[in-house]
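As the structure is a computational prediction, the values presented were derived from the model and not from experiment. Index from 1, following the sequence.
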Amino acid sequence: MRTPFILCTMALLASARAQNLFVNPGFETGNFNGWTQRNTPSGGGAPGQVTSFDVTGGGASLAARYIVGNTQFTGTEAGIELVQNLNLTGGVQYSLGFDFAVENTGGPNAQGGRFSIIVNGTELSAIAVEQIGGNQIVRNSVAAIFTPGTTGVYEVGARITRRFEPSIGGLLRQYADNFQAVPEPTTVLALAAGLALLKRRRR
(Lines give C-alpha, C1' and ligand atoms only; values in the text may rest on other atoms or scores of the structure.)
Protein backbone atom coordinates (compact mmCIF):
# COMPACT_ATOMS: atom_id res chain seq x y z
CA MET A 1 0.00 0.00 0.00
CA ARG A 2 1.71 3.16 -1.19
CA THR A 3 -1.06 5.62 -0.35
CA PRO A 4 -0.45 5.75 3.44
CA PHE A 5 3.27 6.25 2.84
CA ILE A 6 2.62 9.10 0.37
CA LEU A 7 0.19 10.77 2.75
CA CYS A 8 2.61 10.38 5.63
CA THR A 9 5.44 11.85 3.58
CA MET A 10 3.32 14.81 2.49
CA ALA A 11 2.39 15.47 6.11
CA LEU A 12 6.03 15.31 7.16
CA LEU A 13 7.05 17.74 4.42
CA ALA A 14 4.29 20.20 5.29
CA SER A 15 5.27 20.04 8.94
CA ALA A 16 8.95 20.56 8.13
CA ARG A 17 8.25 23.63 6.02
CA ALA A 18 6.12 25.30 8.70
CA GLN A 19 7.71 24.19 11.94
CA ASN A 20 9.97 26.44 13.97
CA LEU A 21 10.93 24.46 17.05
CA PHE A 22 11.78 27.50 19.19
CA VAL A 23 9.11 28.68 21.62
CA ASN A 24 8.67 32.45 21.69
CA PRO A 25 11.35 32.86 18.97
CA GLY A 26 10.78 36.60 18.51
CA PHE A 27 9.96 37.37 22.16
CA GLU A 28 6.36 38.05 21.13
CA THR A 29 5.21 37.44 24.70
CA GLY A 30 7.17 40.50 25.86
CA ASN A 31 9.37 38.37 28.11
CA PHE A 32 11.75 35.39 28.09
CA ASN A 33 9.10 32.65 28.35
CA GLY A 34 10.62 29.38 27.11
CA TRP A 35 14.20 30.65 27.32
CA THR A 36 17.05 30.01 29.74
CA GLN A 37 19.55 32.84 30.28
CA ARG A 38 22.91 32.50 31.98
CA ASN A 39 26.30 34.15 32.18
CA THR A 40 29.34 32.38 30.78
CA PRO A 41 32.39 31.87 33.04
CA SER A 42 33.76 35.37 33.83
CA GLY A 43 30.88 36.80 31.79
CA GLY A 44 28.10 39.24 32.58
CA GLY A 45 24.93 40.56 31.03
CA ALA A 46 22.21 38.10 32.04
CA PRO A 47 19.40 38.49 32.68
CA GLY A 48 18.63 40.74 29.75
CA GLN A 49 15.55 42.73 28.82
CA VAL A 50 12.89 42.38 26.14
CA THR A 51 12.45 45.72 24.43
CA SER A 52 11.36 47.19 21.11
CA PHE A 53 14.21 47.67 18.63
CA ASP A 54 14.79 47.52 14.86
CA VAL A 55 17.14 44.52 14.72
CA THR A 56 16.79 43.79 10.99
CA GLY A 57 16.36 47.28 9.54
CA GLY A 58 12.80 46.45 8.54
CA GLY A 59 11.05 48.05 11.49
CA ALA A 60 11.02 47.78 15.26
CA SER A 61 9.80 44.67 17.04
CA LEU A 62 10.33 43.03 20.41
CA ALA A 63 13.87 41.67 20.86
CA ALA A 64 16.25 40.51 23.58
CA ARG A 65 18.69 43.20 24.71
CA TYR A 66 21.92 42.67 26.62
CA ILE A 67 24.98 44.60 27.76
CA VAL A 68 27.56 41.82 27.71
CA GLY A 69 31.22 41.57 28.57
CA ASN A 70 34.04 40.02 30.52
CA THR A 71 33.53 40.98 34.16
CA GLN A 72 37.06 39.91 35.09
CA PHE A 73 39.20 41.05 32.20
CA THR A 74 41.21 38.16 30.78
CA GLY A 75 41.16 39.03 27.08
CA THR A 76 38.91 36.04 26.35
CA GLU A 77 35.34 36.10 25.08
CA ALA A 78 32.74 36.17 27.84
CA GLY A 79 29.11 37.20 28.17
CA ILE A 80 25.79 35.36 28.08
CA GLU A 81 24.02 32.33 26.66
CA LEU A 82 20.36 32.29 25.65
CA VAL A 83 19.09 28.75 25.00
CA GLN A 84 16.15 26.35 24.79
CA ASN A 85 15.88 22.56 24.99
CA LEU A 86 14.65 21.26 21.62
CA ASN A 87 13.57 17.75 20.62
CA LEU A 88 15.56 16.93 17.48
CA THR A 89 15.38 13.86 15.23
CA GLY A 90 18.59 12.00 14.44
CA GLY A 91 19.68 12.19 10.81
CA VAL A 92 17.53 15.24 9.98
CA GLN A 93 19.24 18.51 9.02
CA TYR A 94 18.08 21.58 10.94
CA SER A 95 18.52 25.17 9.80
CA LEU A 96 19.48 27.25 12.84
CA GLY A 97 19.85 31.00 13.00
CA PHE A 98 18.94 34.37 14.46
CA ASP A 99 19.16 38.07 13.66
CA PHE A 100 21.32 40.37 15.75
CA ALA A 101 22.29 44.01 16.10
CA VAL A 102 24.82 46.09 18.03
CA GLU A 103 24.01 49.66 19.02
CA ASN A 104 26.61 52.19 20.19
CA THR A 105 24.58 55.01 21.69
CA GLY A 106 27.46 57.46 21.87
CA GLY A 107 30.53 55.84 23.34
CA PRO A 108 33.98 55.53 21.74
CA ASN A 109 34.88 52.94 19.12
CA ALA A 110 34.53 49.51 20.68
CA GLN A 111 34.35 45.79 20.01
CA GLY A 112 30.68 45.21 19.29
CA GLY A 113 30.58 41.56 20.27
CA ARG A 114 30.65 37.98 19.00
CA PHE A 115 27.33 36.34 18.12
CA SER A 116 27.35 32.52 18.00
CA ILE A 117 24.94 29.67 17.41
CA ILE A 118 25.55 26.95 19.97
CA VAL A 119 24.29 23.39 20.40
CA ASN A 120 25.00 21.70 23.74
CA GLY A 121 27.57 24.42 24.46
CA THR A 122 29.51 23.93 21.21
CA GLU A 123 29.79 26.84 18.79
CA LEU A 124 28.59 25.95 15.27
CA SER A 125 28.84 29.35 13.60
CA ALA A 126 29.69 32.91 14.65
CA ILE A 127 29.96 36.47 13.39
CA ALA A 128 32.06 39.06 15.22
CA VAL A 129 31.53 42.82 15.14
CA GLU A 130 35.07 43.94 15.85
CA GLN A 131 34.56 47.71 15.77
CA ILE A 132 31.55 49.97 16.04
CA GLY A 133 31.76 53.74 16.35
CA GLY A 134 29.66 56.12 18.39
CA ASN A 135 26.02 56.54 17.37
CA GLN A 136 26.20 53.59 14.97
CA ILE A 137 24.13 50.41 14.57
CA VAL A 138 25.45 47.21 12.98
CA ARG A 139 22.91 44.60 11.86
CA ASN A 140 23.47 41.05 10.65
CA SER A 141 22.34 37.45 11.05
CA VAL A 142 24.13 34.20 11.81
CA ALA A 143 23.13 30.75 10.52
CA ALA A 144 24.24 27.12 10.72
CA ILE A 145 23.15 23.62 9.70
CA PHE A 146 23.06 20.96 12.39
CA THR A 147 22.39 17.23 11.92
CA PRO A 148 22.03 15.37 15.22
CA GLY A 149 23.45 11.87 15.30
CA THR A 150 20.66 10.55 17.49
CA THR A 151 17.13 11.56 18.39
CA GLY A 152 16.90 13.40 21.69
CA VAL A 153 16.89 16.71 23.54
CA TYR A 154 19.51 19.26 22.52
CA GLU A 155 20.23 22.66 24.07
CA VAL A 156 20.16 25.16 21.19
CA GLY A 157 20.52 28.93 21.11
CA ALA A 158 22.93 31.86 21.14
CA ARG A 159 26.11 32.90 22.87
CA ILE A 160 26.84 36.65 22.88
CA THR A 161 30.25 37.71 24.17
CA ARG A 162 32.92 40.41 24.25
CA ARG A 163 36.62 40.34 25.12
CA PHE A 164 36.20 43.47 27.23
CA GLU A 165 34.13 44.61 30.17
CA PRO A 166 30.46 45.55 29.75
CA SER A 167 30.21 49.12 28.52
CA ILE A 168 29.99 51.75 31.24
CA GLY A 169 26.54 53.26 31.40
CA GLY A 170 25.21 50.72 28.92
CA LEU A 171 26.29 52.74 25.88
CA LEU A 172 27.02 49.55 23.91
CA ARG A 173 24.08 47.17 23.56
CA GLN A 174 23.65 43.77 21.90
CA TYR A 175 20.30 42.54 20.52
CA ALA A 176 19.00 39.14 19.33
CA ASP A 177 15.71 38.33 17.59
CA ASN A 178 13.90 35.97 15.19
CA PHE A 179 15.41 32.67 16.29
CA GLN A 180 14.91 29.74 13.92
CA ALA A 181 15.26 25.98 14.23
CA VAL A 182 13.58 24.42 11.20
CA PRO A 183 13.97 20.84 9.86
CA GLU A 184 15.05 20.68 6.20
CA PRO A 185 12.28 19.03 4.09
CA THR A 186 14.76 17.06 1.94
CA THR A 187 16.20 15.22 4.93
CA VAL A 188 12.74 14.61 6.37
CA LEU A 189 11.79 13.01 3.04
CA ALA A 190 14.96 10.90 3.02
CA LEU A 191 14.26 9.74 6.58
CA ALA A 192 10.67 8.81 5.68
CA ALA A 193 11.88 6.86 2.63
CA GLY A 194 14.43 5.02 4.74
CA LEU A 195 11.80 4.06 7.30
CA ALA A 196 9.51 2.81 4.54
CA LEU A 197 12.32 0.68 3.07
CA LEU A 198 13.11 -0.76 6.49
CA LYS A 199 9.45 -1.61 6.99
CA ARG A 200 9.31 -3.47 3.64
CA ARG A 201 12.43 -5.47 4.49
CA ARG A 202 10.96 -6.53 7.83
CA ARG A 203 7.84 -7.79 6.01
Can you list the steps and then say if N85 with E155 is a side-chain contact (heavy atoms from CB on, under 4.5 Å)? CA-CA 4 Å; N85 288 326; E155 190 182 73; 3.7 Å; yes
side-chain contact (heavy atoms from CB on, under 4.5 Å) between E81 and T40: does it pass, once the steps are laid out? CA-CA 7 Å; E81 292 180 347; T40 67; 3.9 Å; yes
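Rounding to the nearest 0.5 Å places CZ of R114 at 10.5 Å from CZ of F100. Between Y66 atom OH and L82 atom CG the span is 4.0 Å, to the nearest 0.5 Å. In this structure, CG in D54 is found 10.5 Å from OH in Y175, a value given to the nearest 0.5 Å. Between R173 atom CZ and I137 atom CD1 the span is 10.0 Å, to the nearest 0.5 Å. For the atom pair OG1 (T36) and CD (Q84), the distance works out to 8.0 Å, reported to the nearest 0.5 Å. Considering CD1 of I80 and CZ of R38, their distance stands at 9.5 Å, rounded to 0.5 Å.
Note: F179 and F22 have perpendicular aromatic rings, judged against thresholds of 30 and 60 degrees for the angle between ring planes. Between F146 and Y154, the ring planes are perpendicular. Angles over 60° get that label, and only those under 30° would be called parallel.
Residue Q131 places its CD atom among more than 12 non-hydrogen atoms of other residues, nucleotides or ligands, all under 6.0 Å distant. Counting non-hydrogen atoms of other residues, nucleotides and ligands closer than 6.0 Å to CD of E28 gives a total above 12.
Counting only N and O atoms by type, the side chains of D177 and S61 include a donor and acceptor under 3.5 Å apart. No donor-acceptor contact under 3.5 angstrom links the side chains of N33 and N24, judged on distance only. Under 3.5 Å, the side chains of E77 and Q111 contain a donor-acceptor pair of N or O atoms.
Minimum heavy-atom separation, S167 to L172: OG-N, 2.9 Å.
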